[in-house]
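Please read the structure below before turning to the comments.
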Amino acid sequence: MKSLRFISAEAFVSNAEFARKSLSSIAHNLFPLLFKASYLLEQGEVIHDLVENWPLVDFNMGKLLGTTVDYQEDLSHRTCAVCLESCLTGLRDYVLNHPSPHVKRLKVVDLTGIKDVEVQFCECKKTMGRWARTQLLSKLCLELLVYLQHMQCNPGTFEISIDVLIDLFVTERNYELVVQALLKKCYCPLKICCVSFRSDNLALQKFFYIIKLTDPSLLRKLEIVHNVRLEMEHLEILFNSIHFPLLMSLTLPARTFNVRRFTATDEQMLTNIGEKLGEMTQLTELSMPFSILTGRIQSLLSPLKTPLKKLDVSNCSLNHADMVYLANSFHVDHLEALDLSGHNIPDLYPSTFFKLLSHSSSVLRSLTLEDCNIQDTHVNMLILGLSPCQKLEEFRFLGNPLSSHALKQLFTFLCELPMLKNVEFPVPMDCYPIGITYPIDDVSLCRFDHQKYESVAEELKFILLQANREDVKASTPLFGSYDAAVQETNNELGAYLIKSFKEAVEKFTTSLNKMG
């Protein structure tokens, strides 16, 4: 529902030429209203001029685009390229073009409230993701410095200091540009303040260099994800050389830990890492997928002084002792998101799994159990375990060998979870050829009867419809949940993988030649 004020704002900004000429006579408290109306209508020129003439102390994208009194719809998930580019160039021109630096009040720009999602509703259909925002802001900061050096500006311009809070996303392709922007940060009126840092496809040496430039004392979230070859010894060096006092969320690359080849030195290293994690008193989210942590989860997590709210130990080869620790730890009563994918839950630790869900049920909002060998005979057990989880909002169980009949039984139960919003379910086992084995490899993943699957999917959605649960989104993303960062940089990721494969083949060929 739009208020009369918002409708009036839309009418005002819809005539871009008139709106731009009239901004000087607009009351300062109307700028946020006009900004959201301009963003909704994708009026890039008006957005640019609003930011260039911003009269307030702060500019917070999340608050400006979020739910407001005049218009309840949240627009912070619209990463419209036209709007965001206009916003950032307007910020640059705020520094350059305002008639008097002394009347400029802007001190903080917060870009961290922008959400990257799969489906965009902007009319231009062009998005600007986190990587592109990192690229553009870095480019504008360097351009601003060049301009200030070569043009005769008001001396007061150099006294302008605006903290720009942003979630940086750095890969090999934009590394040099971001490094230059961070190195020259102290000279630039726009100060890049990295609140969250993600690194993909980056050499380890470059990661260590740039992470120090970001000012780690401000970091709240650190994601070291694809093709950063961080192993346990590197992680220990990182924590020993850099302090992260505000870090709340840590995501480590696949296979950071491998306890199968542990020595006494490795045991001490793991203990040291656990102690360093314990010193991060704000840490509430930890993700370490595809590490091998068999029998060592307690060593890693027990030093933590604050309980975890999010834990991803998918494909970490946890044994019964690990699950017993998790089910009895002080973390379990606080877990809002849990990923146990890749563990044979029904066979290895069914009772302990029940206990874990029971203890976390009052707060658990997201549960992921992909490739856990959950079969038709386990559905009643699963329903019993999930029944206390009345606050569950997301349930993902792709890759489990369940028949269409079992899925219907499960969906009938899921309708009873009042907060549920998103379900990711597997292709029914009876849609695949007889003899298919689980987990299904990538080659065979798409070789199912698509017509039969669509029929089953319609039946599942009808179950939701009959229960008046149209609010629940049910889907089968064959290759996993949508990742905006991977989607944005998939060309670079693909090129990196091809390069790595080529290097491996060359090394193998060289070895063969030496043997010959």
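Numbers here simply count residues along the sequence, with the first being 1.
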Under 3.5 Å donor-acceptor, Lys391 side chain and Val363 backbone: no
So does Pro426 get a backbone contact from the side chain of Thr476, meaning a donor-acceptor N/O pair under 3.5 Å? no
Under a 4.0 Å threshold between the charged nitrogen and the carboxylate oxygen, would Glu231 count as salt-bridged to Arg229? no
Can you tell whether the side chains of Arg396 and Asp339 come within less than 4.0 Å, N to carboxylate O? no
Do Arg130 and Glu488 meet the salt-bridge criterion of a basic N to acidic O distance under 4.0 Å? no
Taking only residues two or more places apart in sequence, or in another chain, which ones meet Phe425 in a ring-ring contact (aromatic ring centres under 6.0 Å, His included)? Phe411
Could you label the plane-to-plane angle of the His343 and Tyr349 rings as parallel, tilted or perpendicular, counting under 30° as parallel and over 60° as perpendicular? tilted
Do Phe395 and Leu369 have side chains that get closer than 4.5 Å, going by heavy atoms? yes
Distance-only polar pair, side chains of Ser341 and Asp371, donor-acceptor under 3.5 Å: no
Answer yes if the side chains of Ser249 and Glu285 hold a donor-acceptor pair under 3.5 Å, and no otherwise. yes
Would you call Pro189 and Val95 a side-chain contact if the rule is heavy atoms closer than 4.5 Å? yes
Rounded distance [0.5 Å steps], NZ in Lys191 versus SG in Cys186: 6.5 Å
Donor-acceptor side-chain pairing of Glu172 and Asn227 below 3.5 angstrom: no
Pairwise side-chain contact, Glu275 with Thr271, heavy-atom cut-off 4.5 Å (strictly under): yes
For Lys206, I'd like to know if atom NZ has over 12 heavy atoms of other residues, nucleotides or ligands within 6.0 Å. yes
Side chains of Met61 and Cys87: does their closest heavy-atom pair fall under 4.5 Å? yes
Decide if atom NZ of Lys421 counts as having more than 12 heavy atoms of other residues, nucleotides or ligands within a radius under 6.0 Å. yes
So, the side chain of Asn490 versus the backbone of Val486: is there a donor-acceptor pair under 3.5 Å, distance only? no
Can you tell me if Asp376 uses its side chain to pair, donor with acceptor, with the backbone of Leu402 under 3.5 Å? no
Return yes if some donor-acceptor pair links the side-chain N/O of Ser444 with the main-chain N/O of Ile440 below 3.5 Å, else return no. no
Checking His243 side chain against Pro216 main chain: does a donor-acceptor pair fall under 3.5 Å? no
Salt-bridge criterion met for Asp266 and Arg296 (N-O under 4.0 Å): no
Taking Phe169's backbone N and O only, do any of them form a donor-acceptor pair with Thr134's side chain (distance below 3.5 Å, no angle check)? yes
Contact between Leu238 and Ile211 at the side-chain level, heavy atoms closer than 4.5 Å - yes or no? yes
Regarding Arg198 and the six-membered ring of Trp131, is the cationic atom NZ or CZ under 6.0 Å from the ring centre and inside 45° of its axis? no
If you measure from the Lys or Arg side-chain nitrogens to the Asp or Glu carboxylate oxygens, is any gap between Lys107 and Asp163 under 4.0 Å? no
In short, Asn400 meets Ile374 closest at the heavy-atom pair OD1-N, 3.1 Å
Sequence neighbours excluded, every pair satisfying ring pair (Phe, Tyr, Trp, His ring centres under 6.0 Å) that has a member inside residues 286-332: none
Treating Ser360 as the side-chain partner and Leu356 as the backbone partner, does any N or O pair qualify as donor plus acceptor under 3.5 Å? yes
Using a distance-only test with no angle check, is there a side-chain donor-acceptor pair under 3.5 angstrom linking Gln120 and Thr79? yes
Heavy atoms of other groups near Arg220 CZ, more than 12 under 6.0 Å: no
Has Asp312 got a side-chain atom pairing as donor or acceptor with Pro289's backbone, closer than 3.5 angstrom? no
Checking the side chain of Ser358 only, and the main-chain atoms of Lys355 only, is there a donor and an acceptor separated by less than 3.5 Å? no
Among side-chain atoms of Asn272 and Glu236, is any donor-acceptor pair under 3.5 angstrom? yes
Considering only heavy atoms from C-beta outward, does the side chain of Val324 approach that of Asn328 to under 4.5 Å? yes
Pairwise side-chain contact, Met248 with Lys221, heavy-atom cut-off 4.5 Å (strictly under): no
Is there side-chain contact between Thr214 and Leu219, with at least one heavy-atom pair below 4.5 Å? yes
Any side-chain donor paired with an acceptor under 3.5 Å for Asp430 and Ser403? no
Got a sec: does the NZ of Lys115 have more than 12 other heavy atoms crowding it under 6.0 Å? yes
Taking Arg365 first and then Glu393, would you say they form a salt bridge - that is, a charged N and a carboxylate O separated by under 4.0 Å? yes
Lys185 atom NZ, over 12 foreign heavy atoms within 6.0 Å: yes
